[in-house]
Amino acid sequence: VAKFESTRGTVTAFSPFDARADAEALRKAMKGMGTDEDTILKILTSRNNAQRQEIASAFKTLFGRDLVDDLKSELTGKFETLMVSLMRPTYIFDAHALKHAIKGAGTNEKVLTEILASRTPAEVRNIKQVYLQEYEANLEDKITGETSGYFQRMLVVLLQANRDPDGRVDEGLVEQDAQVLFRAGELKWGTDEEKFITILGTRSVSHLRRVFDKYMTISGFQIEETIDRETSGDLEKLLLAVVKCIRSVPAYFAETLYYSMKGAGTDDDTLIRVMVSRSEIDLLDIRQEFRKNFAKSLHQMIQKDTSGDYRKALLLLCGGDDE
């Protein structure tokens, strides 16, 4: 199936592509004393994921060695994490991230929120299937075992991947949903979280965009302001992420990238996850939103916030600088 929506990425198929030549160059870069990081990062950031898989296969064919294992033993730190992430096959990327978000001590709610709020119903269905195949476990069971309360309920709703498809918007229903949300939050002592969960979790994207406009008209508030006031903790973060993704997925990721680098310290896991997972989908749109909303380019912020080979590789994935 041709995927036309994937043309807003910064990474596209490299041509002329020669998997064996790339495999040989990578082997040479890692053989003997010292490692030629420059060659590694230039090859891996300029090939798309499908081509990287072909390189890994050629690498094994020619040398009987596992490319990812070699990268892990030759590289270190954030740069290693980034290169290994680039090698992860696209189909398993999200399932892998979720698996690591719910294993061991403590659950990484940030990852659950980011992935389940931003992926389409078709993508979520695919993640569940891959999770079952690869990890022989039911993703929903794993998530419900590690979460609780309304946060858990909203995740379960999103995991059903049953959001209404986009179609003709019924203005009567728009008005009704906006009123229900207003009564469930601002007009109520306490909050009826369940109403927010059902409406935000199941209505179509085009319908909800109209509901948000109508909500503003009725209440005088942006829906985000109400969620901020009426809910808290992980549920608040998840509902806000869902609202932002309904409005614009690229804007949501621009904001996610901005806050991964803003202030003291960098959330490198988030920076790497978003840069790699969106590089072939919508990173060009994300860059545009970033420039529009944060008065600087993504390129400038990565430049200022990171260093070394890690920075070099991220900047190549980012592509141009939107001055």
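Below, each value reflects all heavy atoms present in this structure, side chains not excepted, and no hydrogens, waters or symmetry copies. Counting begins at 1 with the first residue of the sequence.
Residues in residues 60-80 take part in these ring-ring contact (aromatic ring centres under 6.0 Å, His included) pairs, two or more places apart or across chains: Phe59-Phe63. For residues 158-181, no residue pair satisfies the ring-ring contact (aromatic ring centres under 6.0 Å, His included) rule, not counting sequence neighbours. Applying the ring-ring contact (aromatic ring centres under 6.0 Å, His included) rule to pairs touching residues 196-236 yields nothing, sequence neighbours excluded. Listed by first and then second residue, the ring-ring contact (aromatic ring centres under 6.0 Å, His included) pairs that reach into residues 124-143 are Tyr131-Tyr135, sequence neighbours excluded.
Side-chain atoms of Asn49 come within 3.5 Å of backbone atoms of Thr90 as a donor-acceptor pair (strictly under, hydrogens ignored). Side-chain atoms of Gln152 come within 3.5 Å of backbone N or O of Thr147 as a donor-acceptor pair. With hydrogens and angles ignored, the 3.5 Å screen pairs a side-chain donor or acceptor of Arg311 with a backbone N or O of Thr306. Distance alone, capped at 3.5 Å, places no donor-acceptor pair between the Arg20 side chain and the Ala58 backbone. The backbone N or O of Ser297 lies less than 3.5 Å from no partner atom in the side chain of Arg287, so there is not a single donor-acceptor pair. Between the Thr81 side chain and the Gly77 main chain, a donor and an acceptor come within less than 3.5 Å of each other. The closest donor-acceptor contact from the side chain of Asn293 to the backbone of Glu289 lies under 3.5 Å. Looking only at distances, no side-chain donor or acceptor of Gln179 sits under 3.5 Å from a matching main-chain atom of Gln176. Listed for the Arg125 side chain is a donor-acceptor partner under 3.5 Å among the backbone atoms of Ala161. Without hydrogens or angle criteria, Lys128 side chain to Glu140 main chain gives no donor-acceptor distance under 3.5 Å.
Residue Lys195 places its NZ atom among 12 or fewer non-hydrogen atoms of other residues, nucleotides or ligands, all under 6.0 Å distant. Within a 6.0 Å radius of CZ in Arg229, other residues, nucleotides and ligands contribute more than 12 heavy atoms. The number of heavy atoms from other shown groups lying within 6.0 Å of CD (Glu171) is above 12.
Interatomic distance, Lys78 NZ to Asp268 CG, rounded to the nearest 0.5 Å: 4.5 Å. Distance check, rounded to the nearest 0.5 Å: OG of Ser206 to CG of Asp164 gives 9.5 Å. Atoms NZ and CG, on Lys214 and Leu173 in that order, are 12.5 Å from each other to the nearest 0.5 Å. Taken to the nearest 0.5 Å, the CG atom of Leu112 stands 9.0 Å off from the CG atom of Asp234. Remark: Ile218 CD1 to Met216 CE distance equals 12.0 Å, nearest 0.5 Å. Rounded to the nearest 0.5 Å, atoms NE2 (His299) and CG (Leu314) are 10.5 Å apart.
Within the 4.5 Å cutoff, side-chain heavy atoms of Leu284 are placed close to those of Thr10. Within the 4.5 Å cutoff, the side chain of Leu158 has no heavy atoms near those of the Val124 side chain. Counting heavy atoms from C-beta outward, Leu238 and Tyr150 have side chains that stay 4.5 Å or more apart. Side-chain contact check for Glu123 versus Asp94: every heavy-atom pair is 4.5 Å or farther apart. With a 4.5 Å cut-off on side-chain heavy atoms, Ile246 and Arg209 count as touching. Between Arg278 and Val249 there is a side-chain heavy-atom pair separated by less than 4.5 Å. Side-chain contact between Leu139 and Leu132: absent, with no pair of heavy atoms (C-beta onward) separated by less than 4.5 Å. Side-chain contact check for Leu200 versus Val243: some heavy-atom pair is nearer than 4.5 Å.
Gln129 and Tyr91 share no side-chain donor-acceptor pair at under 3.5 Å.
For the side-chain contact (heavy atoms from CB on, under 4.5 Å) with Leu271, the lone residue among Thr266, Val276, Leu82 that qualifies is Thr266. If you run side-chain contact (heavy atoms from CB on, under 4.5 Å) between Pro250 and each of Ile281, Leu283, Asp282, only Asp282 comes through.
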Distance-only donor-acceptor hits, side chain of residues 255-265, under 3.5 Å, sequence neighbours excluded:
residue : atom : partner : partner atom : Å
Glu255  : OE2  : Lys244  : NZ           : 2.8
Thr256  : OG1  : Tyr252  : O            : 2.8
Ser260  : OG   : Leu257  : O            : 2.7

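Hydrophobic clustering (side-chain heavy atoms under 4.5 Å, transitive across Ile, Leu, Val, Met, Phe, Trp, Tyr) keeps Ile127 apart from Val156. Linking ILVMFWY residues whenever their side-chain heavy atoms come closer than 4.5 Å, directly or via other members, places Phe93 and Leu86 in the same cluster. Using a 4.5 Å cut-off between side-chain heavy atoms of Ile, Leu, Val, Met, Phe, Trp and Tyr, with links allowed through other members, Met87 and Val11 fall into the same hydrophobic cluster. Hydrophobic clustering (ILVMFWY, side-chain heavy atoms < 4.5 Å, transitive): Val68 and Ile43 are in one cluster. Residues Val205 and Leu240 share a single hydrophobic cluster, defined by chaining ILVMFWY side chains whose heavy atoms lie under 4.5 Å apart.
The minimum heavy-atom distance between Asp309 and Leu41, with the atom names listed, is O-CD2, 3.8 Å. Heavy-atom minimum distance, Lys142 versus Ala137: CE-CB, 3.7 Å. The two atoms that bring Thr231 and Glu236 nearest to each other are O-OE1, 3.1 Å, heavy atoms only. Shortest non-hydrogen contact noted between Met275 and Ile302 is CE-CD1, 3.8 Å. Closest non-hydrogen pair, Ala95 versus Val130, comes out as CB-CG1, 3.9 Å. Ala25 approaches Thr39 most closely through the heavy-atom pair O-CG2, 4.1 Å.
Contacts of Glu224 classified as side-chain hydrogen bond (donor to acceptor under 3.5 Å, both in side chains), with partners at least two apart in sequence or in another chain: Arg247.
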Candidate pair Asp36 and Lys28, rule side-chain contact (heavy atoms from CB on, under 4.5 Å), full reasoning: CA-CA 8 Å; Asp36 171 7; Lys28 188 167 166 238; over 6 Å; no
Worked check of side chain to side chain donor-acceptor pair (under 3.5 Å) between Glu74 and Thr35: CA-CA 7 Å; Glu74 293 291 325; Thr35 307; 2.7 Å; yes
Verdict with reasoning, Arg183 to Asp192, per side-chain contact (heavy atoms from CB on, under 4.5 Å): CA-CA 9 Å; Arg183 286 198 298 271; Asp192 184 351; over 6 Å; no
Full working for side chain to side chain donor-acceptor pair (under 3.5 Å) between Arg273 and Thr270: CA-CA 5 Å; Arg273 189 174 56 252; Thr270 296; 3.2 Å; yes
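Ionic pairing of Asp69 and Arg65 is not present here: no N-O contact between side-chain nitrogen and carboxylate oxygen is shorter than 4.0 angstrom. A salt bridge is absent between Lys110 and Asp269; no separation between the charged side-chain nitrogens and carboxylate oxygens falls under 4.0 Å. Residues Arg27 and Glu24 are not paired through a salt bridge, judged by the lack of any N-O separation under 4.0 Å between the basic side chain and the carboxylate.
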